[in-house]
Amino acid sequence: MLRQIKLIFGAALVLLCVVSCGKEETQERVSQKDTQTTNVISGSAVNAITSETIKTKKYLPVSCQEKDEKYEKQLQSGDYTWEKPLVVQNPYGNSPLTAYILLKTSKPCKVRVTVKGKDKDTDLTGTLEKTKEHRIPVVGLYPDYKNEVEISCLDEKDKVTESQVISIKTEKLPDALKDALKVEKQSKKSAYGLTVISGQTTKYPFAYDQKGEIRWYITMTTGSYGVFPLSDQRLIFQTNEALTPTEEKPHTTQMYEMDYLGRAYRLYYVKNGIHHEVIEKEPGGNLFLLSSSIDGHTEDVVQEMDRQTGEIIQSLDMREIFDETYEDMVDWVHLNTVSYNKEDDTVLLSPRNIHSAVKVGWKDKKIKWILTNPDMFKGTKQEKMVLKPQGDITWHFQQHSVYEIPYDLDGNPDTRHIMLYDNHWQTKRKVDFFDGKEQSFVSVYVVDEKKMTVRQDKLFPGVRSIITSNCAYDKQQNRMFSFGGYLHPLINGQKGMIYEFDYSSGELLNQYSTKYYFYRGYGIGINWNDLAQPLEIGDGYVKGTLQAPVESKESEVPGEKMDEKKAGFTLIESVLYMKTSDHAISKVSFVGQSHHYLMDYTSAGKGMKSKRNQKYSIAIPLSGLQPDTYRIAVYYDGKWCDTGKEIMRNQE
């Protein structure tokens, strides 16, 4: 376990440097397990770090707060009324198909807002709480279109007392979203009013309605894994603003909690990076996320993050529950989903590279059962935990999504229905029992936990999607969704395929294809009243943990200067962002007059050759440094170099 050293945190810095020069490295390699971890808490340390040589910028929640305060002042001014409302398009600068309508009414009333669709089935409607001061959110505008938004005042009996239609003209879609979605089949009203697609080569997350029209997008690029929905209709937005080097591809270390207007409420840092999953343990509760040990392996750790502090309060390394049979490569398990069951305090995991779904006790860290072809674990210590198959089963291979359907679908209290997106592919770990079928499936298994048996209840076929992809069940409309995000081969040039099935009959009702690869799809709703509230980020808008500099005996600044084209720096409050090529910089030295600190990334190995030219920023927390003026040196391409950059750690 890493020792958590709590430090108050809050100013920011971005760093850019490198060159080949200077003296040879003589220090011993420092394991990442020996490095300090900083709890990141913003607010009281905003001015802790300053610099005259490094550019500075603001955290996204701060810039959103500043815009929000401007709108609140405009609303409170009384200048905008029912007869003369203020319309603010794209209010936070990153969500072009949204708006605010600001106005005051003489008497308190509820407001119903309807963003008119091109037919009634695609209207988006919400009702806002009673007030005199109205921030009316608008979500779901069409691009390049003269939209009509109807707003109505409602009395105590929800009858309309007055109503008007406001026209909002929008800009064209960016080129990256042009023809992003195509309707292949549309026979029934979809269970989802809006569906979000994100990740992979889909540059901007976007949402489409049942007619295939894009009605929302955000002009911020995500990491490979896109956005994740939250229970209050906000979302977790993984960014590519700061990554951490690993033994293979780098992973993002930061994510925002955002809403569909584009407002960022807080930023979470995750020291060893996050990849395939961020999900609430329970609605509104702590966050489960997938991370990496960076100890010879990647994508092999599950973590629970305290939602309020950002602290990692529990972790589960897959080496704790499996023997060494399959621990034969860096990405030996490749976790891609985690979900929690409060009833028995367990997590359901999807370790793709061992072709299995696994249920594990979260506190006792013991396997409850394994869902896989029994041949997979013959002769291992886990063999007795494999569920016994009943009847014919089309087994899954390299699956990318495993969740329990949280409803009793058969009236049997001893059974659980498990839905799984079966990519049905085996490039990462070939097995001699692969059946060779060249398509992907959504499979629904029925697990009897008392008898330790499994049978296949449903099998929804689809075209072959070799990686990413997910499935989703809608109980209200009795639908099963299949989101195939990575087609191989392509179909008429399209790279993704989405199916909506009737769950009972298996009939294909609706079908869409995508121009780009994507990671996952989700149905979403709009929390109109949440969007109507002023943004209040408070002091705790930065949370989480990062690898931090540790005290060092190294005190000499290299004589030769770095080539500034090889790296760059930015300061955001007390965090320094250092941008350079993957694994080019293995160490960073902060040389002060009285104190010296070292950042060591050598535990991440050499990385992947294919990522060598990828440039990204690494976030370095600096509030734990002792007050001093520090020169920054880097160990680049086997040599120490002077960046010419300085930071000042000020007295608080």
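- Ion pairing of R416 with E343 is present here, as a side-chain N (NZ or NE/NH1/NH2) and a carboxylate O approach within less than 4.0 Å.
- Inspection of the H334 and Q398 side chains reveals no N or O donor paired with an N or O acceptor under 3.5 Å.
- K368 is linked by a side-chain contact (heavy atoms from CB on, under 4.5 Å) to T346, K359, D364, K366, counting only residues two or more places apart in sequence or in another chain.
- Residues N286 and E304 have side chains that bring a donor and an acceptor to within less than 3.5 angstrom of each other.
- Geometrically, R234 engages Y265 in a cation-pi contact, judged by NZ or CZ lying under 6.0 Å from the ring centre and within 45° of the ring axis.
- Contact of the T114 side chain with the D123 side chain is registered, since non-hydrogen atoms from C-beta on lie closer than 4.5 Å.
- Electrostatic pairing of D68 and R135 counts as a salt bridge here, judged by a charged N lying under 4.0 Å from a carboxylate O.
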Open item on the list: If you apply the rule ring-ring contact (aromatic ring centres under 6.0 Å, His included), what do you find for F237 with F228, and how did you get there?
Closed with: CA-CA 7 Å; F237 190 106; F228 301 85; over 10 Å; no
Open item on the list: Before you tell me yes or no, could you show the steps for Y499 and F501 under ring-ring contact (aromatic ring centres under 6.0 Å, His included), namely the whole-Å CA-CA distance, both residues' side-chain angles and the distance that decides it to 0.1 Å?
Closed with: CA-CA 6 Å; Y499 299 106; F501 298 97; 5.7 Å; yes
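- Under the 6.0 Å distance and 45° angle rule, K67 does not count as a cation-pi partner of Y92.
- Applying the side chain to side chain contact (heavy atoms under 4.5 Å, CB included) test between M419 and each of Y473, F460, Y445 identifies Y473 as the sole match.
- For the side-chain contact (heavy atoms from CB on, under 4.5 Å) test, residues two or more places apart in sequence or in another chain that qualify with S339 are I279, L348, Y403.
- Between E280 and R307 a salt bridge is recorded (basic side-chain N to carboxylate O distance below 4.0 Å).
- The backbone N or O of E66 lies less than 3.5 Å from no partner atom in the side chain of E69, so there is not a single donor-acceptor pair.
- N478 and S504 are linked by a side-chain donor-acceptor pair at a separation below 3.5 angstrom, with hydrogens and angles left out of the test.
- A salt bridge links D158 with K110: at least one charged nitrogen is closer than 4.0 Å to a carboxylate oxygen.
- In this structure, K458 forms a cation-pi arrangement with Y503, its terminal cationic atom sitting closer than 6.0 Å to the ring centre and no more than 45° off the ring axis.
- Put simply, the side chain of D259 gets close to the backbone of R263: a donor and an acceptor are under 3.5 Å apart.
- Exactly one residue among D410, D448, D457, T453 makes a side-chain hydrogen bond (donor to acceptor under 3.5 Å, both in side chains) with T415. That residue is D410.
- Remark: E277 engages R520 in a salt bridge (Lys or Arg N to Asp or Glu O under 4.0 Å) (not counting sequence neighbours).
- Relative ring orientation between Y208 and Y512 is described as tilted, the plane-to-plane angle lying within the 30° to 60° band.
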- [ ] Walk me through it: do W362 and Y340 pass the test ring-ring contact (aromatic ring centres under 6.0 Å, His included)?
- [x] CA-CA 8 Å; W362 183 234; Y340 180 74; 7.7 Å; no
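- Inter-residue side-chain proximity for R319 and W332 is flagged as met; some heavy-atom pair is nearer than 4.5 Å.
- Ring geometry for H400 against H276 counts as tilted: the plane angle lies between 30° and 60°, on a 0 to 90° scale.
- Using modelled atom types, one side-chain atom of H297 and one backbone atom of V330 make a donor-acceptor pair closer than 3.5 Å.
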